[in-house]
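The basis for the numbers below is simple: all heavy atoms, side chains too, and nothing from hydrogens, waters or symmetry mates. Quick caveat, the model's predicted, so the values are computed rather than measured. Labels below follow one simple rule: chain letters A, B, ... track the order of the sequence lines, proteins then strands, and each chain is numbered from 1.
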There are 2 protein chains.
Amino acid sequence: MRLDDALGFAINNTGRAMTRLLMTAFAPYDVTPEQWSILKRLEEGDEISIKELSKRVGKDQANVTRISDLLERKGLIMKKPNPEDKRSSLVCLMDEGKQIIRLLDPIDEQVHQVVLKGIAEHEMELLKQLLAKMRENCNAELQG
Amino acid sequence: MRLDDALGFAINNTGRAMTRLLMTAFAPYDVTPEQWSILKRLEEGDEISIKELSKRVGKDQANVTRISDLLERKGLIMKKPNPEDKRSSLVCLMDEGKQIIRLLDPIDEQVHQVVLKGIAEHEMELLKQLLAKMRENCNAELQG
DNA sequence: ATGACATATATGTCATGACATTTATTTGTT
DNA sequence: AACAAATAAATGTCATGACATATATGTCAT
């Protein structure tokens, strides 16, 4: 089997290409695709713990802690104490974070249109289903 | 959640899940999935430059340099001087590298069977085609 | 032949992912 | 209440990816 044919490498290389494209498009705003994914989740609902945020973005808690620290240093989010649990903090979007989201949303949309050029809606749906199935297979094995 | 957001999320998370699974399976042999991808490429043809190897694995030259250094320290590959160009070196598989490949090949195969459980051949083919199309779209944009 | 430019590799930096460990706090058991 | 176990977050380490730059060597125009 040639490497090009190996599904794992196809998936990872495609993901990296998409990430690179988004990174390039976001570069003038000093926001990386991973930071973007966190901002977008917070837009759907903030004042949540690092742990909850980690679950929602599908990332390791340690990594979310570090990405959040970066976003906080940039003034896009803030961590405030959780009055119900002194171990945890609640992550909130700052106004500047909300402004950045408004700026970057159309750019994100343009990038995705480029990436999905020539791909039909039903193909994308199947693609997502297959990826979800593979993810389930992996996670079942990792936990079992 | 917008559809295209879900797709980027799906691709990167699925790729990470597969990488994690392979990493776990390879852990006893002290070989990472990325190191594995380089070994497999060398198996198809070694005595090639870092630059050529980078092209074949689809990775940055700087990263291939570093991964190669690790593999050389482990005694799996060797860099020998290129008699035709003193700037470059030729990367060769060592016997121990070839042995590791024979050991890990069936493990890699098992992992792929786990990941692809419940997915038909024609679905996998379509999946690869769609991913290739998206990769082309990205690369065309990055270069253009 | 020489100097300007190109190329191959190496190295430095930052962001990230995975994972182990630490620290502070909470919870549960007695 | 006291102590053990669990939990949330932070931190440390290594591998990697992207990118900039450095260094050595090669190539080309003159």
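Between Asn137(B) atom CG and His112(A) atom NE2 the span is 12.0 Å, to the nearest 0.5 Å.
Distance Trp36(B) CH2 to dA15(D) C1': 18 Å, rounded to the nearest Å. Asn12(A) has its CG atom 13 Å from the P atom of dT16(D), to the nearest Å. Between Arg16(B) atom CZ and dT16(C) atom P there is a gap of 11 Å when expressed in whole angstrom units. If you take CG of Leu142(A) and C1' of dC19(C), they are 13 Å apart, rounded to a whole angstrom. Straight-line distance from the NZ atom of Lys51(B) to the P atom of dA10(C): 14 Å, rounded to whole Å. Atom-to-atom, CZ of Phe9(A) to P of dT16(D) comes out at 12 Å; the value is rounded to the nearest Å. Across the protein-nucleic acid pair, Asn13(A) atom CG and dA18(D) atom C1' stand 14 Å apart, rounded to whole Å.
Side-chain N/O atoms of Thr32(A) include one lying less than 4.0 angstrom from OP1 or OP2 on dT16(C). Of the side-chain N and O atoms in Lys86(B), none sit less than 4.0 angstrom from OP1 or OP2 of dT25(D).
Among all heavy-atom pairs drawn from Ser88(A) and Asn82(A), the shortest one is OG-ND2, 2.9 Å. Of all heavy-atom pairs spanning Ile101(B) and Leu39(B), the tightest one is CD1-O, 3.6 Å. Residue Glu123(A) comes nearest to Gly118(A) through the heavy atom pair OE1-O, 4.3 Å, listed as atom of the first residue, atom of the second, then distance. Shortest non-hydrogen contact noted between Lys79(B) and Ser68(B) is CE-CB, 3.8 Å.
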Dot-bracket assigned to DNA chain D with the 3.5 Å Watson-Crick/G-U criterion, [ ] for crossing and | for other-strand pairs, is ||||||||||||||||||||||||||||||

Please tabulate, for side-chain N and O atoms in residues 25-33 of chain B, each donor-acceptor pair with protein atoms closer than 3.5 Å (sequence neighbours left out).
residue, atom, partner, partner atom, Å
Thr32(B), OG1, Gln35(B), N, 3.1
Thr32(B), OG1, Gln35(B), NE2, 3.4

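Here the nucleotide nearest the side chain of Ser88(A), chosen from dA18(C), dA8(D), dA18(D), is dA8(D). Nearest nucleotide to the Ile50(A) side chain, out of dA9(D), dT16(D), dC19(C): dA9(D).
When side chains are defined from C-beta on, Leu142(B) counts as touching Asn139(B), because their heavy atoms get closer than 4.5 Å.
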Every protein N/O lying under 3.5 Å from an N/O of nucleotides 27-29 of chain D:
none

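For the side chain to side chain contact (heavy atoms under 4.5 Å, CB included) test, residues two or more places apart in sequence or in another chain that qualify with Glu52(B) are Ile48(B), Ser49(B), Lys55(B), Arg56(B). Residues passing the side chain to side chain contact (heavy atoms under 4.5 Å, CB included) test with Lys86(B), sequence neighbours excluded: none.
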Decide yes or no on side chain to side chain contact (heavy atoms under 4.5 Å, CB included) for Glu44(B) and Lys40(B), but give the supporting numbers first. CA-CA 7 Å; Glu44(B) 294 167 2; Lys40(B) 287 298 282 182; 5.6 Å; no

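Proximity of residues 59-81 of chain B to DNA chain C (heavy atom under 4.0 angstrom from any strand atom) is restricted to Gln61(B), Ala62(B), Thr65(B), Arg66(B), Lys79(B).
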